[in-house]
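To keep things clear, I will list the structure first and then write my remarks on it.
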Amino acid sequence: MADKRLPLVIELGTEELPPKALDDLTGAFARGVVEGLEKRGVAGDYASAKAYASPRRLAVHIAAVAVAQPEQTIERRGPAVAASIGADGEPSKALVGFAQSCGVDVSALEKLETDKGAWFVFRAVKPGQPTAALLPEIVTEALKALPIPKAMRWGNREDSFVRPVHTLLMLHGADIVDGQILGLTSGRLSHGHRFHHPKPIHVADADSWLDALRHAHVLADPAERRQRVRDEVARVATGGVPRLSDSLLDEIANLTEWPVGIACTFERAFLDVPPEALVTTMETNQKFVPVFDTEGRLTEHFIGVANIESKDPAEIRKGYERVIRPRFADAKFFWDEDLKSPLADYQEGLKNVTYQQSLGSLWDKTVRVAELARVIANRVDVDAGQATHAAALSKCDLLTRMVGEFPELQGVMGRYYASRQGIDANVADALDSFYQPRFGGDAIAAGKVGQVLAVAERLDTLAGIFAVGMKPSGNKDPFALRRAALGLARTLIEGGLDIELRATLTEALEMIPETALLAGVKPGKDGKAPVVDLGARRRELGDEIQAFVLERLRGYYADQGFSTDQFEAVLAVAPATLPDFDRRLRAVGEFARRSEAASLAAANKRVANILRKQAEETDAAPIPATVDAAYFEFDAEHELHAALAAARAQSQGLLAAGDYTGTLARLAALQAPVDRFFDDVLVNAENPAVRANRLALLAQLKATFGAIADISRL
């Protein structure tokens, strides 16, 4: 009986589920059901399990699930035999109690011999339960484990779920799985499209469920629904090329059960408004698909996706066009009104907007960022005037009407307003690009002024928020400092901004108010604020922030194929700038692929161990700074000394030019003399002078490679 397998479908019919959460709920529900079956030992083709969902249902279908558990073998170990039988041969109370807990007499217990003694055991074979009897509990567990941020209650019941639940379908083959979940009794009735098929659907068996819904104008397969959205958008597209992003596609698919495309237009006069504002309104507020011409310019066409196959699509089109018109009119009003005031006029208002209690207003932050931008610009040969001007204007668009209505357009609108007001193009572009990278995979700012501003902005954010003691903890990162740190590092590296990170962090921290530096200091055990050395506090914070930034680079370089060992090898020599770190790491990556790398890495590790042990000896004489060939006793010493001197001389120019790849390629030629040295020479010679000379030679070898990275870590 347990070997028999039948298809299984479970469907929970609900009111409209939140579209942005639907994909997570769908996957979690299917996984929960499968895990519940597997945990109970029910056999099945779980690789075939497929999650289904629409705005008004969660479901899972499995092609083959056993009708019952297999027989369950039970074995419980009881007390030790030696301690369970008294001198009179009677069983102890513990043994009697164990037998009673198993539901048998002591005589039914067996003995288990082990190398640690004999034990009483209870063994039995329990018939497997029918899968139908297990499913209500399995489904209940799966529903309770769903990632629901806030559950709802409905009616007068105590049950709660993400949305009110109205139907429960559970079919194993053609049979109904009896059970009650969330106050509903299971059956074989589902529900179709709210308008096309409002009557209940009778489902004959698990395998006919999907087709039954399709005939009732419901596409329960999310992948099929997404493809239909794509097809419908392409079918009705006119006047250009529709832009259907993955995120918008997902949301439209999760809002519709039977998607139908509707081609629409709006007045061309609205195209005077920056396209980002119109596109944001269409995509974010209305879930419409914008249409662009072949040159990438927004057109007056857009596409709505209805959840009904209307007999009069023109009426739906009128509704879509009517609902978007006032939003576009608002955007045009905001645009026209904002243009009446120079962007710089908003600076005064920044003084009334708090950035963070201890760090002051947005104006205070702007002043700090502007000074940092000036300093950084001078160091990287960027126009300091433009960088300072961009920094001064960087927060102004936050107070405009347009950004007040569409916060996601911060930066974008700053660029448009600055361009319209005749501000230098480099400055205008920087007002938008300094926010980059905005998300994973986004590019850094393209222009140098934008890069300088991006670095200055993130340095101030990291310095200030770390100072007040609000650094990230676990999953909590309210100021997005991890993203800021990676954005800072990427901008320095990919922009080739060779500034010393630690020194610039110190300068950023020196601009942070003393009250903020003290705000992050925890009171002592007596509850009183400790006396703080502000210089030491800044140094401590600088070290902490630098380590935080470098830690973000581990994943950045791992994604590019660099190993942890390679990263650590460069980190060990603490390059002053991140572009220099990048050049060294890429050189080490190239070196690691050479045939000589493994041998030289092992030799460097051996050298490091020898020198460390020497340093740990309290009575050891210092290693000489120079090597004296007069103390050489073996040809291998002469050979290594000569090869090392030649390699250092030949790579000196390469090293000075920052050509680390070329330097390591030249040093790779040292493999043979290094190997011969360790084969022929005993470093710890009895003669102290000879030993010291050999240590000096090894120290030079280590320093030569160490000028680039700690090769011993490879």
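Nothing fancy with the numbering, it's 1 onward along the sequence. Only this structure's heavy atoms are used, side chains among them; waters, hydrogens and symmetry mates stay out.
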Item to check | Verdict with reasoning, E16 to R194, per salt bridge (Lys or Arg N to Asp or Glu O under 4.0 Å) | outcome: CA-CA 11 Å; E16 276 71 6; R194 189 183 293 278; 2.6 Å; yes
Item to check | Any residue meeting ring-ring contact (aromatic ring centres under 6.0 Å, His included) with F122, in chain and number order, not counting sequence neighbours | outcome: none
Next on the checklist: Would R228 and W258 count as a cation-pi pair here, with the cationic atom under 6.0 angstrom from the ring centre and within 45° of the axis?
Outcome noted: yes
Checklist entry - Within 45° of the axis and under 6.0 Å from the centre of the six-membered ring of F548, does NZ or CZ of R552 qualify? => result yes
Item to check | From V177, I181, L12, residue fulfilling side-chain contact (heavy atoms from CB on, under 4.5 Å) relative to V139 | outcome: I181
Residues [X] and [Y]: side-chain donor-acceptor under 3.5 angstrom:
X: H166; Y: E15; value: yes
X: R458; Y: T461; value: no
X: N609; Y: R606; value: no

Is it true that [X] and [Y] have a side-chain N and a carboxylate O under 4.0 angstrom from each other?
X: D250; Y: R226; value: yes
X: R502; Y: D543; value: yes
X: R554; Y: D565; value: no
X: K50; Y: D221; value: yes
X: R438; Y: E408; value: no
X: R40; Y: E137; value: yes
X: E141; Y: K39; value: yes
X: K471; Y: E544; value: yes

[X] side chain to [Y] backbone, donor-acceptor under 3.5 Å:
X: S92; Y: I85; value: no
X: Q566; Y: S563; value: yes
X: R123; Y: E110; value: no
X: H197; Y: H193; value: no
X: D442; Y: P437; value: no

How long is the straight-line distance from [atom2] of [Y] back to [atom1] of [X], given to the nearest 0.5 Å?
X: E11; Y: T14; atom1: CD; atom2: OG1; value: 9.0 Å
X: I711; Y: L600; atom1: CD1; atom2: CG; value: 8.5 Å
X: L171; Y: L135; atom1: CG; atom2: CG; value: 11.0 Å
X: Q560; Y: L585; atom1: CD; atom2: CG; value: 8.0 Å
X: I138; Y: L143; atom1: CD1; atom2: CG; value: 12.0 Å
X: W154; Y: S160; atom1: CH2; atom2: OG; value: 7.0 Å

[X] and [Y]: which non-hydrogen atoms are nearest, and at how many Å?
X: A489; Y: L553; result: CB-CD2, 3.6 Å
X: R77; Y: V121; result: CA-CG1, 4.0 Å
X: G192; Y: V218; result: C-CG2, 3.5 Å
X: D45; Y: I62; result: O-CG2, 3.6 Å
X: R57; Y: L17; result: O-CD1, 3.9 Å
X: D159; Y: G183; result: OD2-N, 3.6 Å

Item to check | Neighbour count above 12 (heavy atom, 6.0 Å) for K605 NZ | outcome: no
Next on the checklist: Counting only heavy atoms not in D533 (residues, nucleotides, ligands), do more than 12 fall under 6.0 Å from its CG?
Outcome noted: yes
Next on the checklist: Before you tell me yes or no, could you show the steps for R225 and E257 under salt bridge (Lys or Arg N to Asp or Glu O under 4.0 Å), namely the whole-Å CA-CA distance, both residues' side-chain angles and the distance that decides it to 0.1 Å?
Outcome noted: CA-CA 7 Å; R225 210 162 53 250; E257 292 186 322; over 6 Å; no
Next on the checklist: Among residues at least two apart in sequence or on other chains, which ones pass side chain to side chain donor-acceptor pair (under 3.5 Å) with E158?
Outcome noted: none
Checklist entry - Excluding sequence neighbours, so at least two apart, what forms side chain to side chain donor-acceptor pair (under 3.5 Å) with R539? => result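 R539 satisfies side chain to side chain donor-acceptor pair (under 3.5 Å) with no other residue.
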Next on the checklist: Using ring centroids (six-membered ring only for Trp), state whether F581 and F567 fall under 6.0 Å.
Outcome noted: yes
Item to check | Sub-6.0 Å ring centroid separation between W209 and Y52 | outcome: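 Between Y52 and W209, which both carry aromatic rings, the centre distance is below 6.0 Å.
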Next on the checklist: Please determine whether side chain to side chain donor-acceptor pair (under 3.5 Å) holds for the pair T26 and D23, giving the CA-CA distance in whole Å, both sets of side-chain angles, and the decisive distance to 0.1 Å.
Outcome noted: CA-CA 5 Å; T26 305; D23 291 341; 5.2 Å; no
